[in-house]
2 protein chains.
Amino acid sequence: MNDRLTNGAGRAQRRADARRLEILRAAARVFRRSGFAGAGMREIAAEADLSPGNLYHYFKGKHEILYFCQDRSLDVMIAALETARLSGQPASEQLRQVIEAHVRCLIDELEGSAAHLEVDALPAPLRKRIVLKRDRYERGIRRLVASGMRRGELARTDVKLVTRAILGAANWTARWFHPEGPRSASAVAEGLAEYLVRGLAARLPKKAGRGRAAGSQART
Amino acid sequence: MNDRLTNGAGRAQRRADARRLEILRAAARVFRRSGFAGAGMREIAAEADLSPGNLYHYFKGKHEILYFCQDRSLDVMIAALETARLSGQPASEQLRQVIEAHVRCLIDELEGSAAHLEVDALPAPLRKRIVLKRDRYERGIRRLVASGMRRGELARTDVKLVTRAILGAANWTARWFHPEGPRSASAVAEGLAEYLVRGLAARLPKKAGRGRAAGSQART
DNA sequence: TCACAAGTTGAACCTCGGTTCAATTCTCCT
DNA sequence: AGGAGAATTGAACCGAGGTTCAACTTGTGA
């Protein structure tokens, strides 16, 4: 009976949540296509198949939509980072997974979102929250890299600089990747990760115990 | 006499040109700070120390200012690419120079310009011209990389993908670099180039004639 | 010195895009 | 069925920012 009592209200809540999610996805697509400034509320409404005024029933305004898009993206990326961390694999493998997940998060055709690239577009209170989360993500990657360096799995270098280079290269795919292009999103993610990880593995061939490093030596 | 006849007009022309350049520099700074959308003509005018209406004496509009900023940046980068190419040094060294110049072009405190990062903001005719030039620059880098691969100086891989990764990492410095930060622009440019070039040199240690590779082996 | 062209200004204009809102429709519960 | 709240709409509102422009100032050449 209690279950039956909340069934309708529960269903309405679920529908509202689903509609919110729908809007966020649509917005993410428009933001990725046109950038935040170029994305109009009318365009987002059309993409989400509702009227412009209706957006305000679900979100306070354009900035709030952007904020939630960004929050979602960062959640996905942080989860991937955590998964990699818990895998217990070598640092280079973990880093590869993180980079691939990051790139996919950006350029996946249906779910991809470049929203988190436009933090500066947010008003200060929302921006602060996103920056905290983004910095948390970035620190996680740095820890992964630093740990790999300490273990001798990655070449020692400026952790911060390298992490930003990695993120830059990954984020930049949003600019040039086209779904109809010659490479699939996966191929791009993998190729990019391969290159970026290799830049940190450069000085490892001396370690005889390293299966891959040994393979590299045999090949070249 | 002829020299004296054109002296005043020549001087006026030079002053107009100097004023145009001043405006472009000011605009580049504002664009870098606030992005194209966030940069207002009033702000640019203030930065260039003249009135908003006066900008229109020198440029047709905001988009034309952006276009010329971008054109200038690409000129600088293309020139650096040409210098590196003509140096006849190994591909990895050439690539290093190109990357460093690219990064400096972005984050140099007085002259730096991130304008070329916002190609999409241009109306179609101007955008077409910038895209042509930008693609020319990118093809030049690709040729450099491909040539290094053919010569065995760089590891063989997907040239286009790697070039874009490099450009992405380099361009992204515009997002995170702060002049008052712990690293100078030069240190960032050098560190970044080091890492990005190493990702392409990963498989070279086998070449006994390589002084650096041999040094690396001795160290690790 | 004068006439004309170049350069400058600051207020006003105008458009575009974010947002509001009254009216209407839909959904849920009694 | 009726009432209340949620959801939706489409037109109107409003302000920010790009641009125009008449009036004025400065520079140049005869």
Side-chain angles (χ1 to χ4, degrees), chain A residues 1-24 26-27 30-31 33-69 118 121-123 126, chain B residues 1-24 26-27 30-31 33-69 118 121-123 126:
Chain A
M1 188 175 88
N2 198 29
D3 184 43
R4 175 171 285 175
L5 192 63
T6 58
N7 203 21
R11 199 192 307 123
Q13 181 62 41
R14 259 179 277 122
R15 193 156 51 228
D17 287 345
R19 178 47 66 83
R20 272 177 67 102
L21 188 54
E22 242 178 272
I23 292 167
L24 289 179
V30 178
F31 289 150
R33 208 191 289 149
S34 313
F36 179 70
M41 293 298 265
R42 292 170 177 86
E43 195 184 347
I44 293 171
E47 183 87 15
D49 202 29
L50 38 70
S51 76
N54 204 4
L55 291 175
Y56 295 85
H57 177 77
Y58 295 95
F59 295 98
K60 284 212 209 85
K62 193 182 178 187
H63 289 105
E64 196 179 86
I65 296 181
L66 179 65
Y67 167 80
F68 280 110
C69 282
E118 308 204 47
L122 288 175
L126 294 179
Chain B
M1 188 175 86
N2 198 30
D3 183 45
R4 180 171 284 172
L5 193 64
T6 59
N7 200 26
R11 199 192 306 124
Q13 181 61 40
R14 258 178 278 124
R15 194 158 46 231
D17 288 345
R19 178 48 65 85
R20 272 178 66 102
L21 188 54
E22 243 177 272
I23 291 167
L24 290 180
V30 178
F31 289 150
R33 208 191 290 148
S34 313
F36 180 69
M41 292 299 265
R42 291 170 177 89
E43 195 183 349
I44 293 171
E47 183 87 16
D49 202 31
L50 38 71
S51 76
N54 204 4
L55 292 175
Y56 295 86
H57 177 80
Y58 295 95
F59 296 98
K60 284 210 209 90
K62 192 180 175 185
H63 290 105
E64 197 178 84
I65 296 180
L66 179 65
Y67 167 80
F68 279 110
C69 282
E118 310 205 44
L122 288 175
L126 293 179

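Each chain gets a letter, A, B and so on, in the order its sequence line appears, and its residues count up from 1. Remember, it's a predicted structure, so these values are computed and weren't measured experimentally.
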Would you mind reading off the distance between B:Glu43 atom CD and D:dG18 atom C1', rounded to a whole angstrom? 14 Å
Which heavy atom of A:Leu55 sits nearest to which heavy atom of A:Met41, and what is that distance? CD1-O, 3.5 Å
A:Asn54 side chain near A:Ile23 side chain, heavy-atom distance below 4.5 Å: no
A:Phe59 has an atom CZ; how far is it from atom P of C:dT19, in whole Å? 13 Å
Measure the spacing between CG of A:Leu66 and NZ of A:Lys62 and express it to the nearest 0.5 Å. 8.5 Å
Going by heavy atoms in the side chains, are A:Phe68 and A:Glu64 under 4.5 Å from each other? yes
Is there side-chain contact between A:Arg33 and A:Val30, with heavy atoms separated by less than 4.5 Å? yes
For B:Arg20 and C:dA6, give me the distance from atom CZ to atom C1', rounded to whole Å. 15 Å
Atom-pair distance (CG on A:Leu50; P on D:dA6), nearest Å: 18 Å
Looking at C:dT8, I'd like to know if its phosphate oxygens (OP1 or OP2) sit under 4.0 Å from a side-chain N or O belonging to B:Arg19. yes
Do any side-chain nitrogens or oxygens of B:Tyr58 fall under 4.0 Å of OP1 or OP2 in C:dA6? no
Trace of the side-chain contact (heavy atoms from CB on, under 4.5 Å) decision for A:Leu24 with A:Phe59: CA-CA 10 Å; A:Leu24 289 179; A:Phe59 295 98; 3.6 Å; yes
Value in whole Å for how far the P atom of D:dG18 lies from CZ of B:Phe31: 9 Å
Counting any heavy atom closer than 4.0 Å, what does A:Leu55 reach on the DNA or RNA strands: base, sugar-phosphate only, or nothing? nothing
Non-hydrogen atoms of B:Ala39 and B:Phe31 that approach each other most closely: CB-CD2, 3.6 Å
Think B:Arg15 has a side-chain N or O under 4.0 angstrom from the OP1 or OP2 of D:dT28? yes
Residue pair A:Arg19 / A:Leu50, side-chain heavy-atom distance below 4.5 Å: yes
Minimal heavy-atom distance between A:His63 and A:Ala121, with the atoms involved, is CD2-O, 3.1 Å
Should A:His57 be listed as having a side-chain N or O under 4.0 Å from OP1 or OP2 of D:dT8? no
Once you round it to whole Å, what is the distance between C1' of C:dG7 and CZ of B:Arg14? 18 Å
Give every pair of a protein N or O atom and an N or O atom of nucleotides 21-23 of chain D that lie under 3.5 Å apart, one pair per line with the distance.
none

4.5 Å side-chain heavy-atom contact, B:Ile65 and B:Tyr58: no
Show the nearest heavy-atom pair for residues A:Gly35 and A:Glu118, with the distance to one decimal. CA-OE2, 3.3 Å
Report, one pair per line, the protein and nucleotides 23-25 of chain C atoms (nitrogen or oxygen only) whose separation is under 3.5 Å.
none

When you compare the protein's N or O atoms with those of nucleotides 14-17 of chain C, which come within less than 3.5 Å of each other, and at what distance?
none

Output the distance between atom CD (B:Glu47) and atom CD1 (B:Ile44), rounded to the nearest 0.5 Å. 9.0 Å
Could you give the CD-to-C1' distance, from B:Glu64 to D:dG18, as a whole number of Å? 14 Å
